[in-house]
Amino acid sequence: MEKIINLMYESDCSCVVENYGKVFTFHKQGVADLYDMVTNRSCFLKDASIADKVVGKAAAALMILGSVKKVYAEVISLSALILLRDAGIETDFRNVVPFIWNRVRTDWCPLERMSYDKKRQKKFYH
């Protein structure tokens, strides 16, 4: 994990995934890259380690759906942390926050708000 955490901080990427003996970097905002991995490359995240700058509950749900093994987040919402740990995913973080802000910090992130009361991951995206 240390290698991908350092790479996340040293590079200009939003997410780093280590799997299949390789390291992959991603740069899209929000959950776009995670959503693409889960929907278009279903086996890509299985047993992967992920370092991500911001993990809200919607991102955590995608990580669970992708069967991720380990997660490190620079910032994670409390609901995301609980969801990941309840799923048995080893999770570490730098900062835990009550919720994830939107990009202009005027309100909750829309996906965080949408997923906040959901209990089952598949309901987040259906």
Side-chain angles (χ1 to χ4, degrees):
M1 284 297 284
E2 189 174 330
K3 176 173 72 173
I4 65 172
I5 293 168
N6 289 338
L7 180 58
M8 180 188 72
Y9 285 118
E10 293 167 0
S11 67
D12 189 28
C13 65
S14 58
C15 177
V16 180
V17 176
E18 183 174 31
N19 208 2
Y20 305 109
K22 295 182 180 178
V23 175
F24 306 88
T25 58
F26 298 90
H27 299 85
K28 292 180 185 171
Q29 292 183 336
V31 300
D33 285 318
L34 284 171
Y35 184 78
D36 179 57
M37 287 180 252
V38 169
T39 57
N40 297 319
R41 298 176 262 169
S42 59
C43 294
F44 184 74
L45 292 176
K46 182 163 178 47
D47 296 326
S49 297
I50 294 183
D52 201 321
K53 289 192 175 165
V54 179
V55 176
K57 194 169 182 183
L62 286 168
M63 292 174 186
I64 293 166
L65 289 171
S67 300
V68 167
K69 186 176 180 181
K70 295 180 184 179
V71 174
Y72 170 83
E74 180 176 355
V75 175
I76 189 168
S77 69
L78 181 58
S79 59
L81 178 61
I82 291 168
L83 191 67
L84 288 166
R85 289 197 171 159
D86 284 351
I89 296 173
E90 184 181 324
T91 307
D92 197 11
F93 56 89
R94 179 176 276 184
N95 297 304
V96 64
V97 295
F99 62 90
I100 303 301
W101 287 98
N102 64 17
R103 288 188 183 101
V104 293
R105 298 189 60 81
T106 57
D107 198 2
W108 286 45
C109 162
L111 289 175
E112 183 84 356
R113 182 178 299 285
M114 176 204 71
S115 63
Y116 189 76
D117 292 331
K118 303 266 193 276
K119 303 282 187 229
R120 296 175 58 203
Q121 295 82 333
K122 288 188 179 182
K123 288 188 176 189
F124 293 13
Y125 300 99
H126 289 87

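Note that the structure is predicted; figures quoted are calculated from it, not measured.
- In this structure, CD in E74 is found 11.0 Å from CD1 in I5, a value given to the nearest 0.5 Å.
- Here OG1 of T39 is found 10.5 Å from CG of L65. Values are rounded to the nearest 0.5 Å.
- To the nearest 0.5 Å, the span separating CD1 on I64 from CD1 on I89 amounts to 5.0 Å.
- Between L45 and I50, some side-chain heavy-atom pair lies under the 4.5 Å cut-off.
- No single ILVMFWY cluster, assembled from side-chain heavy atoms under 4.5 Å apart, contains both V54 and M8.
- With rounding to the nearest 0.5 angstrom, the CD atom of E90 is 11.5 Å from the CG atom of L84.
- Considering all non-hydrogen atoms of both residues, P98 and S77 come closest at O-CB, 4.4 Å.
- Within 6.0 Å of the NZ atom in K69, the count of heavy atoms belonging to other residues, nucleotides or ligands does not exceed 12.
- Using a 4.5 Å cut-off on side-chain heavy atoms (C-beta onward), L34 and D52 make contact.
- Within the 4.5 Å cutoff, side-chain heavy atoms of R41 are placed close to those of D36.
- Nearest heavy-atom pair, V55 versus I100, reported as atom, atom and distance to 0.1 Å: O-CD1, 4.0 Å.
- No side-chain heavy atom of F24 sits under 4.5 Å from any side-chain heavy atom of M37.
- Contact detail for K53 and S11: the closest heavy-atom pair is NZ-O, 4.1 Å.
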Determine, step by step, whether M1 and D92 satisfy the side chain to side chain contact (heavy atoms under 4.5 Å, CB included) criterion, reporting the C-alpha distance in whole Å, the side-chain angles of both residues, the deciding distance to 0.1 Å, and the verdict. CA-CA 10 Å; M1 284 297 284; D92 197 11; over 6 Å; no
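- Residues L78 and M63 fall within the same hydrophobic cluster, defined by Ile, Leu, Val, Met, Phe, Trp and Tyr side chains chained together at heavy-atom separations under 4.5 Å.
- Looking at heavy atoms from C-beta onward, N6 lies in side-chain contact with E2 at the 4.5 angstrom threshold.
- Linking ILVMFWY residues whenever their side-chain heavy atoms come closer than 4.5 Å, directly or via other members, places Y9 and V23 in the same cluster.
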Considering only distance and modelled atom types, tabulate donor-acceptor pairs under 3.5 Å from the side chains of residues 12-22, sequence neighbours left out.
unit_1 : atom_1 : unit_2 : atom_2 : d
S14    : OG     : F26    : O      : 3.2
S14    : OG     : K28    : O      : 3.0
E18    : OE2    : K3     : NZ     : 3.4
N19    : ND2    : F44    : O      : 2.7
N19    : ND2    : K46    : O      : 2.9
Y20    : OH     : C43    : O      : 2.6

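- By the criterion of side-chain heavy atoms lying less than 4.5 angstrom apart, applied directly or through intervening Ile, Leu, Val, Met, Phe, Trp or Tyr residues, V75 is not grouped with I4; the two fall into different hydrophobic clusters.
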